[in-house]
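Working notes, structure below.
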Amino acid sequence: MLVVGGGINGAGLFRDLALQGVDALLVDKSDFCTGASAASSRMIHGGLRYLEFGEFRLVRESLKDRNLLLQNAPHYVFPLPTTIPILSRFSGIGGSVRRFLHLGGSRASNRGTLIVKAGLTFYDVFTRKDRLMPRHKFTSRAESLARRPALRQDVVQTATYHDAWISYPERLCLELLLDGQSACSDATALNYVALEGASGDTVSLRDKLSGDAIEVRPKAVVNATGAWIDFTNRSLGYETQMIGGTKGAHLVLDNRALYDALQGEMIYYETPDGRVAIAMQWLGRVLIGSTDIRVDNPDDVRVTDEEIYYILESIRGVLPGIDVNRSQILSYFTGVRPMKSSGGSAPGGKDTVQVSRDHQCSVIEPTEAVAVPVCSMIGGKWTTFRAFAEQVTDQLLERLGQTRRVETRRAAIGGGKDYPEDEPAKQRWLASLQERTQLPQDRLATLLTRYGTRAEAVAEFLAEGPDAPLCHHDGYSRREIEFIVRHEGVMRPGDLVLRRTAIALLGELTGELLDELVAIVAEVRGWSQEQAQSERSRTVEILADRFGVRIAARSEEG
Ligand SMILES: Cc1cc2nc3c(=O)[nH]c(=O)nc-3n(C[C@H](O)[C@H](O)[C@H](O)COP(=O)(O)OP(=O)(O)OC[C@H]3O[C@@H](n4cnc5c(N)ncnc54)[C@H](O)[C@@H]3O)c2cc1C
């Protein structure tokens, strides 16, 4: 099987196929998890607002997979108490009913207590058999304002319910790929390899780093390229209109007052134009988003000034008592939601798994030009990747005449395997690792937070040779960075500072630190000085252009 696209859907599918012993090759034209999967709001959630559209099946499935992720990835997925400020008791009923009946309806609706209560009751009912977190509750105006004085004063009540959040989505996506590779010796995932075309039973790929052409003869191609699905199908000779994407931007802020006001909860609020937005604590910073703007080419998306203004205005609207301004922005990011186009499906193709509006696999059967089936994974939330992968894997196994060997429901992911269940177990785990590696307990605790139980492999690597903290970031050591570069497919400095770690998004990257990190990548990858300098310059450009992270253009030495 050839899986094109290493976002969460491609990675989830790759792992599932590999667990069944299927020889799978996954390629991504960029680094793994660079598209929508890196741009999410970091919520692992049921999707409260989808209830308004009657998406009960989707919400039920998402809640089930949310609960599975809390258990299978306890190192990165955590409960998230979420508070909704409510501005009226009865408003929004008409708009919600119209949306529910698919009669359209204006976006601006000011959803009142009754509507919120209805949604949260469904949430609780859907999880009653598998309750991991408390039921929803309402809090009076007086109590809400006493607890959060910065909240807008016309709030009539707040409602609090539980969902989940993910600390390192890019790392969990990578761990699925690593798990797939270790489950099946024939399964391989390659970043910086793009699909370019196909003829007969041969698919042409290109290694974007070396320029080398690669040819493969898969039994099927899975197009998991998200917002690029139609572009990828076009490379294969098919004109499709499967995706109608919208971009969404988020800001990462350094704002202590806002961070404290969130009190470990996410605020899920309505914007003046009737959309819902979020503000939450993320790795010591505040994450706010997002926008929703129709786009045609996912390669061209950037966070615009208007989006920054819109996001800042929206949070000021809900927490007017807090000063929020541009100078607090550490970074931003954007990505395209790969939503199903209203334009239709593939020519000559048929939807073989019409699960719901949310995600589906559309198959183009073999033609004279391309002699293998092409299966496009359309839509799908981050939260539902496992369920989506399971459906597509079963479909592909049927084509291969095989049956499923391994279920993924209870399959722990990466560093979530054998994760200590409670604090005493954690202390025992750390003590045992300390005995073997002689590393300080607090250092091991940091590694456990960063890598889950994969910290064991990291710690053993650290203990094997002389190590020291980085000169310009004492939270990481040289050997830790070397481990990441060697064992986690880092090909370029951006992979390291944006996706294997969150150093750049958290505003921790300086010119000197970038020099230090580039030197380690260069040493492992055997780069010349010119190549290292050119990779550094490229990284600086990407960071400024796409992430709003400004670093000195040249190192002092350079
Ligand atoms: C702003 C925003 C907020 C969101 N928030 C949430 C949330 O909080 N919770 C949630 O559950 N979901 C959320 N989602 C939805 C979720 O992130 C996406 O649905 C999901 O990540 C889609 O994953 P994917 O693998 O299909 O696509 P992508 O992650 O976009 O992956 C596609 C990959 O294909 C690669 N590719 C493209 N062309 C080629 C080619 N020719 N050859 C090789 N590779 C190629 C790209 O480089 C890319 O890495 C959000 C999405 C957005 C945009």
Side-chain angles (χ1 to χ4, degrees), residues 42 44 67-81 132-133 164-179 181-183 259 264 281-285 410-490 496-497 499-503 505-506 508 513 516-517 520:
R42 278 135 175 82
I44 298 296
N67 283 0
L68 292 178
L69 273 171
L70 280 162
Q71 291 161 326
N72 292 330
H75 55 319
Y76 293 150
V77 179
F78 310 97
L80 177 64
L132 297 182
M133 296 180 287
W165 71 286
I166 179 164
S167 50
Y168 293 101
E170 300 85 355
R171 292 198 53 82
L172 195 68
C173 188
L174 177 88
E175 288 191 349
L176 287 166
L177 298 171
L178 297 175
D179 283 357
Q181 294 190 141
S182 47
Y259 185 90
Q281 297 175 342
W282 179 62
L283 306 179
R285 313 288 191 268
R410 302 283 162 208
I413 303 168
K417 283 183 202 123
D418 303 320
Y419 194 79
E421 272 181 12
D422 50 26
E423 196 49 38
K426 188 171 155 186
Q427 292 311 322
R428 283 196 299 277
W429 193 90
L430 291 170
S432 144
L433 191 56
Q434 186 185 30
E435 212 176 288
R436 273 177 288 143
T437 60
Q438 302 302 311
L439 295 174
Q441 277 240 10
D442 57 346
R443 174 83 172 116
L444 293 174
T446 303
L447 297 181
L448 183 63
T449 308
R450 270 184 201 151
Y451 308 103
T453 49
R454 287 186 71 242
E456 190 175 347
V458 181
E460 280 165 2
F461 183 82
L462 302 192
E464 275 164 18
D467 197 13
L470 293 179
C471 298
H472 302 285
H473 193 313
D474 60 8
Y476 284 89
S477 74
R478 283 190 56 84
R479 281 185 76 80
E480 185 179 349
I481 297 296
E482 190 186 326
F483 179 92
I484 297 174
V485 178
R486 281 190 193 283
H487 299 288
E488 297 190 345
V490 171
L496 181 61
V497 298
R499 290 171 289 274
R500 306 305 181 275
T501 72
I503 286 175
L505 294 180
L506 295 177
E508 295 172 347
L513 176 57
E516 203 177 359
L517 295 172
I520 299 174

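- With sequence neighbours excluded, the residues that form a side-chain hydrogen bond (donor to acceptor under 3.5 Å, both in side chains) with S477 are R443, D467.
- Shown here are the salt bridge (Lys or Arg N to Asp or Glu O under 4.0 Å) partners of R479, two or more places apart in sequence or in another chain: there are none.
- The CG atom of L444 sits 10.5 Å away from atom OG1 of T449, with the distance rounded to the nearest 0.5 Å.
- Smallest separation of non-hydrogen atoms from G414 and E175: CA-OE1, 3.2 Å.
- Between L513 and E508 the shortest heavy-atom distance is CD2-O, 3.4 Å.
- Partners of N72 under the side-chain hydrogen bond (donor to acceptor under 3.5 Å, both in side chains) rule, at least two apart in sequence or in another chain, do not exist in this structure.
- Looking at L448 and L433, their side chains never come closer than 4.5 Å, going by heavy atoms from C-beta outward.
- In terms of heavy atoms, Y419 sits closest to P74 at CB-CG, 3.6 Å.
- Considering only residues two or more places apart in sequence or on other chains, A412 meets the side chain to side chain contact (heavy atoms under 4.5 Å, CB included) condition with K417.
- With sequence neighbours left out, the salt bridge (Lys or Arg N to Asp or Glu O under 4.0 Å) criterion links E460 to R436.
- Residues forming a ring-ring contact (aromatic ring centres under 6.0 Å, His included) with W429 (at least two apart in sequence, or on another chain): none.
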### Evaluation steps, side-chain contact (heavy atoms from CB on, under 4.5 Å), between E480 and V458
CA-CA 7 Å; E480 185 179 349; V458 181; 4.3 Å; yes
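- Y168 pairs by the ring-ring contact (aromatic ring centres under 6.0 Å, His included) definition with Y76, not counting sequence neighbours.
- Rounding to the nearest 0.5 Å places CG of L430 at 10.0 Å from OG1 of T437.
- Going from atom CG of L80 over to atom CE of M133 covers 8.5 Å, rounded to the nearest 0.5 Å.
- The side chain to side chain contact (heavy atoms under 4.5 Å, CB included) search around E421 returns none, not counting sequence neighbours.
- Partners of Y259 according to the ring-ring contact (aromatic ring centres under 6.0 Å, His included) rule, which considers only residues two or more places apart in sequence or in another chain, do not exist here.
- By the side-chain hydrogen bond (donor to acceptor under 3.5 Å, both in side chains) test, E482 pairs with R486, sequence neighbours left out.
- Contact of the L70 side chain with the I44 side chain is not registered, since no non-hydrogen atoms from C-beta on lie closer than 4.5 Å.
- Side-chain atoms of E516 come within 3.5 Å of backbone N or O of C471 as a donor-acceptor pair.
- In terms of the side chain to side chain contact (heavy atoms under 4.5 Å, CB included) criterion, residue partners of D422 (sequence neighbours excluded) are, by chain and number, P424, A425.
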### Task
Please test R454 against F483 for side-chain contact (heavy atoms from CB on, under 4.5 Å), starting from the C-alpha separation and ending with a verdict.
CA-CA 11 Å; R454 287 186 71 242; F483 179 92; 4.0 Å; yes
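- By the 4.5 Å heavy-atom criterion applied to side chains, L505 and L283 are not counted as neighbours.
- Residues R410 and L68 meet the side-chain proximity criterion, which asks for heavy atoms closer than 4.5 Å.
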### Message
Is there a side-chain contact (heavy atoms from CB on, under 4.5 Å) between L172 and L69? Walk through the geometry before answering.
### Response
CA-CA 10 Å; L172 195 68; L69 273 171; 4.1 Å; yes
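- In this pair, H487 and F461 present their aromatic rings perpendicular. The plane angle is above 60°, beyond the 30 to 60° band.
- In this structure, H473 and Y476 have perpendicular ring planes: the angle between them is above 60°, well past the 30° mark.
- At least one side-chain heavy atom of R478 sits under 4.5 Å from a side-chain heavy atom of L470.
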### Message
Could you go through R171 and H75, starting from their C-alpha distance and side-chain angles, then the distance that decides it, and tell me whether this counts as side-chain contact (heavy atoms from CB on, under 4.5 Å)?
### Response
CA-CA 11 Å; R171 292 198 53 82; H75 55 319; over 6 Å; no
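- With hydrogens and angles disregarded, a donor-acceptor distance shorter than 3.5 Å links the side chain of S182 to the backbone of L178.
- Put simply, the side chain of I481 reaches to within 4.5 Å of the side chain of V485, judged on heavy atoms.
- Evaluation of the side-chain hydrogen bond (donor to acceptor under 3.5 Å, both in side chains) rule for R499 yields D31, D495 as partners, not counting sequence neighbours.
- Judged by distance alone, the side chain of W282 and the main-chain N or O of S167 form a donor-acceptor pair under 3.5 Å.
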